[in-house]
Number of protein chains: 2
Amino acid sequence: MHTKLFLKGRLRHELGTQEKQWLEDCISRIVTIQPRETLVRRGQRVEYSYYIIEGVVLRHLDDRGGERQLVGLNIPGDFVDLHGFPMKRLDHSTTALGDVKLAEVPHSAIAGLVEKSGHLARALWFSTLLDAAMHREWIFRLGRLNAEGRIAHLICEIIERYRFVDLYDGHTLPLQLLQRDYAEACGITSVHANRSFRTLKERGVLELSGEGRIEVLDEAELKRLAEFRGDYLYGDGDLALESLEDRDEQASR
Amino acid sequence: MHTKLFLKGRLRHELGTQEKQWLEDCISRIVTIQPRETLVRRGQRVEYSYYIIEGVVLRHLDDRGGERQLVGLNIPGDFVDLHGFPMKRLDHSTTALGDVKLAEVPHSAIAGLVEKSGHLARALWFSTLLDAAMHREWIFRLGRLNAEGRIAHLICEIIERYRFVDLYDGHTLPLQLLQRDYAEACGITSVHANRSFRTLKERGVLELSGEGRIEVLDEAELKRLAEFRGDYLYGDGDLALESLEDRDEQASR
DNA sequence: GTGCGGTTTTAACACGCGTTAATTCGAAGC
DNA sequence: GCTTCGAATTAACGCGTGTTAAAACCGCAC
């Protein structure tokens, strides 16, 4: 079952067995792409969406000088461009980080799916809105945090998302981002990304081991530096929300 | 007809008469809110979504110190929080800019709507994805542009969006944002926003007249400073996309 | 009219980050 | 082994933006 990770761990949106099968049946073929290979380019019309079975895909916009700004990153269990189904074309480009294995799903099949099941339609819609929620937090990251906080925030997000799909062991984060990629995600130069990693190491919150692995030494401190609140990822365990809601209500009385 | 501006001017997604009526029938009541009044707070569960009939609503996240980061802004014709329908709670807060008149739409009614019409369901989905597309461009703005470019980019976006709903006369942009609001949208301080406005005035691209009105003197130069490409707004007239696509294809040959 | 509060504007100074460039490191190929 | 090439690392310097504070401005209440 290729799509077993879809919406895994997400609040009230895990799929039933029947629904998972329907989704699985929509796959037209399995595609593999090479490191740094482009999947879809900005402006392109699309008739398929891609679901990640293995690997990581970067989503980015390019400025006039050709410099990239990452606007998102997808991991196993994510659709990369399900929004292409209602939008019909992409406004940004997508590129493989390492080797990536994808399930290709034709939009015609998705159209059948949303007709067949209202609940599944809602779940697909929800999954595209998770991207939007993450985008908002990326805006916050760039607008309100300094370089060190931005990198910490990005790493916190990836830790949480890896947790949902059981790819994080609580210590080593397997993620092949180059320091240049962190820089392109955080709106800083790679030189400054390197400086920031140094201070993070000096604080004892993480270590960089080879192959792009990150050793997380002090997750609590990492979250503090990032002002990280993970509720925007809409995880299952996020009953913290209830109490947050209560607090707000009390504050407004 | 309160909802006559919904998706106006958007590529292949304008609604039919019947669909507009169905949408209109979903409105449970008309709500008005005061300047700077909060509509919904982060973490709150929601059972209604709000469509803007008149006025502007700011969407923002708050950092630990209580400083705000705007993550979006909605104008007449937009749903403020339609994503609350699949998400069930909001991950950010919404606040009125000036006086705002809203149509309240219960989620139960939206559920009926998406069952009744697949096309309308697709259009609603599309409209929430427009927000995501704008978020991505906001990330680009913060990550790749300097203060002056960020303000220029924000103004360019608002000009285009006002055009869709016929609120821009080609010269005067009626928008009551304070310089503090521009600062909170652009990830800069209000002091620096002021500096940036000065240089924009010195370049002769705009003037600030009272009441928060902006006189746009040189839109072409404004777009150049912003590196602005409006195709992410998925407007009707955006056949530029075709040629953009062609260019990409040629480049990859 | 006067006073008041919020916004805009300006100045002076400090610092985070960009820029440039040189050096080190490591993996891949010969 | 040596070479090569990209990435990581470090240093020196400059600029853009933050910080703080004061002054000017403006609408509004009285």
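Just the heavy atoms: all of them, side chains too, but no hydrogens, waters or symmetry mates, feed the values below. Naming: A, B, ... by sequence-line order, numbering from 1 per chain. Every value quoted in this text rests on a predicted model; they were computed, and no experiment measured them.
The distance between atom CG of A/Leu200 and atom P of D/dT9, rounded to the nearest whole Å, is 12 Å. Regarding A/Asp181, its CG atom lies at a distance of 13 Å from the C1' atom of D/dG6, rounded to whole Å. Put simply, CD on B/Gln179 is 8 Å from C1' on C/dT7, counting in whole angstrom units. Taking atom OH of residue B/Tyr182 and atom C1' of nucleotide C/dT7, one finds them 14 Å apart after rounding to whole Å. One can place CZ of A/Arg213 at 15 Å from P of D/dA8, the figure rounded to the nearest angstrom. In this structure, the CZ atom of B/Phe197 is 14 Å from the P atom of D/dT17, given to the nearest Å. Regarding A/Arg36, its CZ atom lies at a distance of 11 Å from the C1' atom of D/dA7, rounded to whole Å. Atom CG of B/Leu178 is separated from atom P of C/dT9 by 12 Å (rounded to the nearest Å).
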Might you list the N or O atoms of the protein lying below 3.5 Å from N or O atoms in nucleotides 16-22 of chain C, with each pair's distance?
from: C/dC17; atom 1: OP1; to: A/Ala147; atom 2: N; distance (Å): 3.0
from: C/dC17; atom 1: OP2; to: A/His192; atom 2: NE2; distance (Å): 2.9
from: C/dC17; atom 1: O5'; to: A/His192; atom 2: NE2; distance (Å): 3.1
from: C/dG18; atom 1: OP2; to: A/Thr189; atom 2: N; distance (Å): 3.2
from: C/dG18; atom 1: OP2; to: A/Thr189; atom 2: OG1; distance (Å): 3.2
from: C/dG18; atom 1: N7; to: A/Arg195; atom 2: NH2; distance (Å): 2.8

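The minimum heavy-atom distance linking A/Gly204 with A/Asp218 is given by the pair O-CB, 3.9 Å. Heavy atoms only, all atoms of each residue included: A/Leu167 and A/Pro76 are closest at CD1-CG, 3.8 Å.
Contact annotation: B/Arg198 does not reach the phosphate of C/dT9 (side-chain N/O to OP1 or OP2, under 4.0 Å). Remark: A/Lys201 is not in phosphate contact with D/dA8, judged by side-chain N or O atoms under 4.0 Å from OP1 or OP2.
Side-chain atoms of A/Arg163 never come within 3.5 Å of backbone atoms of A/Gly9 as a donor-acceptor pair (strictly under, hydrogens ignored).
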For this session: Could you go through the salt bridge (Lys or Arg N to Asp or Glu O under 4.0 Å) check for A/Glu227 and A/Arg144 one step at a time?
Result: CA-CA 10 Å; A/Glu227 303 192 19; A/Arg144 286 288 162 256; over 6 Å; no
Problem set entry | Residues B/Asp62, B/Arg42; criterion salt bridge (Lys or Arg N to Asp or Glu O under 4.0 Å); working and verdict | CA-CA 9 Å; B/Asp62 303 322; B/Arg42 175 185 230 248; over 6 Å; no
Exercise. Which is it for B/His153 and B/Arg150 under the side-chain hydrogen bond (donor to acceptor under 3.5 Å, both in side chains) test, yes or no, and what are the steps along the way?
Worked result: CA-CA 5 Å; B/His153 192 282; B/Arg150 291 180 202 177; over 6 Å; no
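Comparing the helix axis at one end of the helix from C/dG1-D/dC30 to C/dC30-D/dG1 with that at the other, each defined from 5 consecutive pairs, gives an inter-axis angle of 30° (nearest 10°).
For the pair B/Arg89 and A/Tyr234, the cation-pi criterion (under 6.0 Å, within 45° of the ring axis) is fulfilled.
Between B/Tyr48 and B/Tyr50, the angle of the ring planes lies from 30° to 60°, which puts this pair in the tilted group.
Taking a cutoff of 4.0 Å between a charged side-chain nitrogen and a carboxylate oxygen, A/Asp81 and A/Arg59 do not qualify as a salt bridge.
Nearest nucleotide to the B/Asn194 side chain, out of D/dA7, D/dT9, C/dT10: C/dT10.
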